[in-house]
Colleague: 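My structure is below; once you've seen it, I'll send some questions.
Chain letters run A, B, ... following the sequence lines, proteins first and then strands; every chain starts at 1. Bear in mind the structure is a predicted one, so any value in this text is a computation, not a measurement.
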Amino acid sequence: MQTSASDIPFIEQVWEVSRLIPYGRVTNYGAIARALGTARSSRMVGWALKAAADQTDIPAHRVLNRHGRLSGKMHFSSPCKMQELLEAEGIQVVNDTVVHFKELFWDPFELLD
DNA sequence: ATGGTGACGTCGG
DNA sequence: GCCGACGCCACCA
């Protein structure tokens, strides 16, 4: 059988969506969870991202909680790594929180546009 | 096996 | 808009 969406592990789907996040933009766990059809499994999204924190191929640093806070910065190679990566993309971070989060927010469903 | 924890979010009040 | 309860489910002690 071919690679149907249901066959792809949840963690793989999270990574797939994470790669779609445009440069200089951010999103939250709920948006990704909704995109995968599991709106209430946002916790699993964080769990999947944790495994990708070291993966440079995956912009895990662009995923924040719904308050725009860097809730998972501790799981990176260095606690400041996440903020460092965001600032490198021109995203202003103050007190572990992304400034103008609402402006920079990107929803996966925007692809359907 | 069991209970608690966790990069979270949504719902009702 | 804030607060408590609930859902979610892999992982860990």
Colleague: Where is the tightest heavy-atom contact between A/S41 and A/A33, given as atom of each residue plus distance?
Modeller: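 The pair with the smallest heavy-atom distance is C-CB, 4.4 Å.
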Colleague: Please measure how far the C1' atom in C/dC3 lies from the corresponding atom in B/dA7, and state the result in whole Å.
Modeller: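 Nearest-Å result for C/dC3 against B/dA7 at atom C1': 22 Å.
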Colleague: Give, ordered by number, those residues of residues 40-58 of chain A having at least one heavy-atom distance below 4.0 Å to an atom of DNA chain C; if nothing qualifies, reply none.
Modeller: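 Residues of residues 40-58 of chain A that come under 4.0 Å of DNA chain C are, in numerical order, A/R40, A/S41, A/R43, A/M44, A/W47.
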Colleague: Please report the distance, rounded to the nearest Å, between CD in A/Q83 and P in B/dA7.
Modeller: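 Those two atoms, CD and P, are 18 Å apart.
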Colleague: To the nearest Å, give me how far apart CZ (A/R66) and P (B/dG9) are.
Modeller: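 Going from CZ in A/R66 over to P in B/dG9 covers 7 Å.
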Colleague: Between which nucleotides of DNA chain C, read 5' to 3', does contact with chain A run, using atoms under 4.0 Å from its heavy atoms?
Modeller: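 Contacts span C/dG7 to C/dC11, reading 5' to 3'.
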Colleague: Working to the nearest 0.5 angstrom, can you tell me the gap between A/R62 CZ and A/L104 CG?
Modeller: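 Between A/R62 CZ and A/L104 CG, I get 11.5 Å after rounding to 0.5 Å.
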Colleague: Minimum heavy-atom separation for A/Y29 to A/G72, with atom names?
Modeller: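 Result for this residue pair: OH-N, 4.5 Å.
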Colleague: For the OG1 atom of A/T38 and the CD1 atom of A/I32, what is their distance to the nearest 0.5 Å?
Modeller: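 Here the interatomic distance stands at 10.5 Å.
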Colleague: Hey, could you give me each pair passing ring pair (Phe, Tyr, Trp, His ring centres under 6.0 Å) that has a residue in residues 46-105 of chain A? Not counting sequence neighbours.
Modeller: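 As it turns out, the ring pair (Phe, Tyr, Trp, His ring centres under 6.0 Å) pairs with a partner in residues 46-105 of chain A, which skip direct neighbours, are A/F101-A/F105.
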Colleague: Using whole Å, report how far CD1 of A/I11 lies from C1' of B/dG6.
Modeller: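 Rounded to the whole Å, the gap is 15 Å.
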Colleague: If you link I, L, V, M, F, W and Y whenever their side-chain heavy atoms are under 4.5 Å apart, who else ends up in the same group as A/V99?
Modeller: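 Once heavy-atom contacts under 4.5 Å are chained together, A/V99 belongs with A/V94.
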Colleague: Could you give the CD1-to-P distance, from A/I21 to B/dA7, as a whole number of Å?
Modeller: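 Computing the A/I21:CD1 to B/dA7:P distance gives 18 Å.
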Colleague: I need the single residue from A/N65, A/L64, A/V63 that forms a side chain to side chain contact (heavy atoms under 4.5 Å, CB included) with A/S71. Which is it?
Modeller: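 Of the listed residues A/N65, A/L64, A/V63, the side chain to side chain contact (heavy atoms under 4.5 Å, CB included) partner of A/S71 is A/N65.
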Colleague: Could you check which residues of residues 29-39 of chain A get a heavy atom under 4.0 Å from DNA chain B? Sort them by number, please.
Modeller: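 Result for residues 29-39 of chain A: A/Y29, A/G30, A/R34, sorted by number.
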Colleague: Can you give me the closest heavy-atom contact between A/M44 and A/F10, atom names plus distance?
Modeller: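 Closest heavy-atom pair between A/M44 and A/F10: CB-CE2, 3.4 Å.
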Colleague: So what does A/M82 touch, heavy atoms closer than 4.0 Å: a base, only the sugar-phosphate, or nothing?
Modeller: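 The residue A/M82 makes base contact.
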Colleague: Which residue, A/K81, A/M82, A/E87, A/E89, forms the side chain to side chain contact (heavy atoms under 4.5 Å, CB included) with A/L85?
Modeller: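 Between A/L85 and the candidates, side chain to side chain contact (heavy atoms under 4.5 Å, CB included) is satisfied uniquely by A/K81.
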Colleague: So, for A/A31 and A/P108, which heavy atoms are closest and what is the spacing to 0.1 Å?
Modeller: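 Closest pair (atom of A/A31, atom of A/P108, distance): CB-CD, 3.7 Å.
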Colleague: For A/P79, give me all partners under side chain to side chain contact (heavy atoms under 4.5 Å, CB included), at least two apart in sequence or on another chain.
Modeller: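 None.
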